[in-house]
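Structure record follows, encoded as structure tokens.
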Amino acid sequence: MIVTNLPAEFEEAKEVLGAIQQAGFEAYFVGGSVRDTVLKFKIHDVDIATSAYPSEVKKIFKKTVDTGIEHGTVTVLDHGRAYEITTFRTESTYQDFRRPDHVEFVRSLKEDLKRRDLTINALAMRPDGEIIDLFNGLRDLKEGNIRAVGIAEKRFHEDALRMMRAVRFASQLDFAIEKNTLEAIRHNARLLQNVAVERIHVEWIKLLLGKNPKTALKDFLVTDLYRYCPLFADKKAIFEKMLTFENLQIGSEDAAWTLLCYLSNFSSSAVKKMLRAWKSSNDLIDNVTIATGVVDLIEQQKMNTWIYYKSGFHRLEIANEVATILGFGIDHAVLKENYAALPIKNKHEMKINGGTLIKNLRIKPGPQLGRVLTEIEHMVVTGKLENQTAVLLKAAKKQFEMEE
Ligand code: ATP
Ligand code: MG
């Protein structure tokens with residue numbers, strides 16, 4: 001097969017491959033970008049594989065960076081672009097089901113393609129667009145199969161993350177996992193425990209955000225992979241519930257976790273515990289904690305101005321996306337209007353602050369000051385007070401007198 005009309009990213013990189021070939025070595029495009037080109041998808045990073053050893057690659061180009069030299073990757077800077085060039089390699093003696101003990105550089109393309117996870121990811125492409133397909137990856141792309149390269153059983157034993165990659169690609173591409181490969185996942189699922197949570201996390205989210213998360217979730221369940229993910233062992237019923245939604249198109253990681261936490265009936269602390277177990281960022285944890293609570297309020301029709309204000313628009317959108325999946329979402333235009341109608345969007349927009357009160361009302365800093373400010377903030381947000389300095393000062397004075 002020859003791909004004509006190569007995407008611009010490849011056209012731009014051709015010169016780099018040409019330079020390697022000029023020096024007497026082989027060079028190919030490999031990995032996801034080749035797969036996505038055959039599928040006529042937009043490509044992101046262009047990966048290049050070569051028979052040249054890293055030291056040889058560095059001699060060919062003026063500007064290189066040793067980005068992953070121990071794995072054979074050198075980054076070449078060319079016309080303001082960066083290309084990752086990786087020497088053909090084999091990965092030998094996996095001792096702990098996660099990472100190769102060491103990589104060995106080789107001169108043979110076949111050896112390099114052999115170590116790749118799935119047949120659809122083991123394609124190479126010459127600079128002229130000719131596809132090299134040593135493992136029937138093209139057939140599997142055409143038929144929509146996820147199939148391990150070589151003996152599935154062995155490949156998952158070497159690196160257990162590949163099982164998660166298989167289910168994530170099934171979701172992203174809406175492909176079916178081939179029978180033998182699926183059976184090998186089921187058989188080796190427990191090895192996932194040995195894989196770093198951060199790596200599982202990446203694949204899990206790509207699975208949920210993919211084109212067909214439902215089919216992939218079924219595979220995730222039947223193979224028992226879920227049991228070896230952090231805190232998922234007792235979540236089977238939740239995933240089964242997710243399978244019952246007619247439309248399970250999830251737009252963001254925030255929404256994915258919010259849906260899961262909401263269905264699990266999680267308290268704030270349970271949300272935090274789950275997300276920490278998955279080694280999530282604090283930003284994600286905060287968004288999901290708040291959004292999960294808001295979904296509940298949307299369902300109970302208890303949304304009010306104060307909730308809109310305290311949540312912030314981003315978290316409202318996450319919550320409403322989830323509520324929409326669940327069938328009780330608010331019309332997005334209405335959500336936007338309601339938010340836009342808030343008198344202020346955050347407390348810094350208030351015409352008074354702690355400093356003004358201390359200065360004008362001769363009040364000392366302390367818990368009472370905080371209480372009064374929050375009370376005033378609430379009245380401004382809910383439209384009981386106009387956001388004007390004199391009005392707010394007067395109201396604050398009254399509050400202090402009431403507290404005394
Ligand atoms: P994406 O579009 O998500 O980047 P990708 O296939 O490019 O998908 P990468 O993680 O970027 O995935 O990996 C690039 C290539 O490296 C893959 O296409 C595959 O050939 C190989 N690869 C990646 N991870 C593994 C693994 N765990 N085992 C074997 N080969 C792998
Ligand atoms: Mg990639």
Side-chain angles (χ1 to χ4, degrees), residues 7 9-10 13 28-50 67-68 71-73 75 82-94 96-104 106 109-125 131-138 140-141 145-175 181 184-185 188 191-192 194-196 198-211 216 225 253:
E9 291 91 335
F10 288 127
Y28 304 90
F29 296 113
V30 287
S33 61
V34 179
R35 176 197 67 225
D36 291 342
T37 298
V38 175
L39 289 170
K40 301 197 165 58
F41 291 172
K42 205 178 140 26
I43 60 169
H44 33 119
D45 35 52
V46 164
D47 292 319
I48 298 167
T50 179
T67 37
H71 304 112
T73 304
T75 299
Y83 296 102
E84 291 212 333
I85 302 187
T86 305
T87 303
F88 296 158
R89 60 183 204 209
T90 59
E91 297 171 348
S92 44
T93 48
Y94 294 75
D96 55 1
F97 319 106
R98 32 181 155 185
R99 287 275 165 114
D101 285 342
H102 63 274
V103 302
E104 216 166 296
V106 292
L109 172 68
K110 182 169 186 182
E111 285 302 310
D112 184 79
L113 295 180
K114 226 165 90 181
R115 61 134 179 124
R116 293 174 185 269
D117 54 353
L118 307 170
T119 60
I120 57 167
N121 290 342
L123 297 168
M125 186 171 75
I131 302 280
I132 297 160
D133 176 21
L134 305 180
F135 300 97
N136 280 321
L138 284 177
D140 286 334
L141 270 185
N145 297 324
I146 300 293
R147 186 195 310 269
V149 172
I151 299 163
E153 187 73 26
K154 205 170 122 207
R155 304 311 310 288
F156 296 144
H157 224 266
E158 287 168 0
D159 179 358
L161 183 75
R162 290 173 186 156
M163 300 185 285
M164 281 303 288
R165 286 176 57 90
V167 283
R168 105 57 171 176
F169 281 110
S171 173
Q172 280 190 319
L173 304 176
D174 191 12
F175 278 19
T181 301
I185 297 178
N188 290 289
L191 299 180
L192 194 62
N194 304 301
V195 176
E198 292 87 340
R199 298 177 78 209
I200 303 176
H201 189 146
V202 172
E203 304 302 330
W204 168 240
I205 292 306
K206 287 183 175 173
L207 184 165
L208 284 183
L209 303 189
K211 191 154 64 170
L225 273 176
E253 167 158 22

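Indexing begins at 1, ligand by ligand and atom by atom, following the structure's order. If you read the sequence from its start, that first residue is 1, and numbering goes on from there.
- Of the polar atoms of D47, none of the N or O atoms is found under 3.5 Å from an N or O of ligand 1, judged by distance alone.
- Using 4.0 Å as the threshold, R168 has a heavy atom nearer than that to some atom of ligand 1.
- For ligand 1, the atoms lying closer than 4.0 Å to a non-hydrogen atom of R115 are 29 (C), 30 (N).
- Side chains of T67 and T73: no donor on one and acceptor on the other come within 3.5 Å.
- Panel note: side chain S171, backbone L207; a donor-acceptor pair is recorded below 3.5 Å.
- Residue-ligand proximity, G32 to ligand 1, at heavy-atom distances under 4.0 Å covers atoms 5 (P), 6 (O), 7 (O), 18 (O).
- The heavy-atom pair separating Y83 from I48 by the smallest distance is CB-CD1, 4.0 Å.
- Closest heavy-atom approach to atom 23 (C) of ligand 1 within the set R116, H44, K114, R165: this belongs to R165.
- Side-chain atoms of D133 come within 3.5 Å of backbone atoms of N136 as a donor-acceptor pair (strictly under, hydrogens ignored).
- When non-hydrogen atoms are compared, ligand 1 lies under 4.0 Å from neither the backbone nor the side chain of Q172.
- In terms of heavy-atom proximity, K211 sits nearest to Q172 at CB-O, 3.6 Å.
- The distance from ligand 1 to the heavy atoms of K206 drops below 4.0 Å at these ligand atoms: 3 (O).
- Open room surrounds CD1 on I151; 12 or fewer heavy atoms of other groups in view lie less than 6.0 Å from it.
- Look at E158 and you'll find every heavy atom at least 4.0 Å from all atoms of ligand 1.
- Residue R199 has no nitrogen or oxygen atom sitting less than 3.5 Å from a nitrogen or oxygen atom of ligand 1, judged on distance alone.
- Counting all heavy atoms, side chain and backbone alike, L191 lies closest to H157 at CD1-CD2, 3.6 Å.
- Neither the backbone nor the side chain of F41 comes within contact range of ligand 1; no heavy atom lies under 4.0 Å.
- Ligand-side atoms of ligand 1 in range of G31: 18 (O), range being under 4.0 angstrom from any heavy atom.
- For ligand 1, none of its N or O atoms has an N or O atom of R155 under 3.5 Å away.
- The only option from R35, R162, R165 that meets the salt bridge (Lys or Arg N to Asp or Glu O under 4.0 Å) definition with D117 turns out to be R165.
- The two atoms that bring D140 and F175 nearest to each other are O-CE2, 3.8 Å, heavy atoms only.
- Note: an N/O pair closer than 3.5 Å links D159 and ligand 1 by distance alone.
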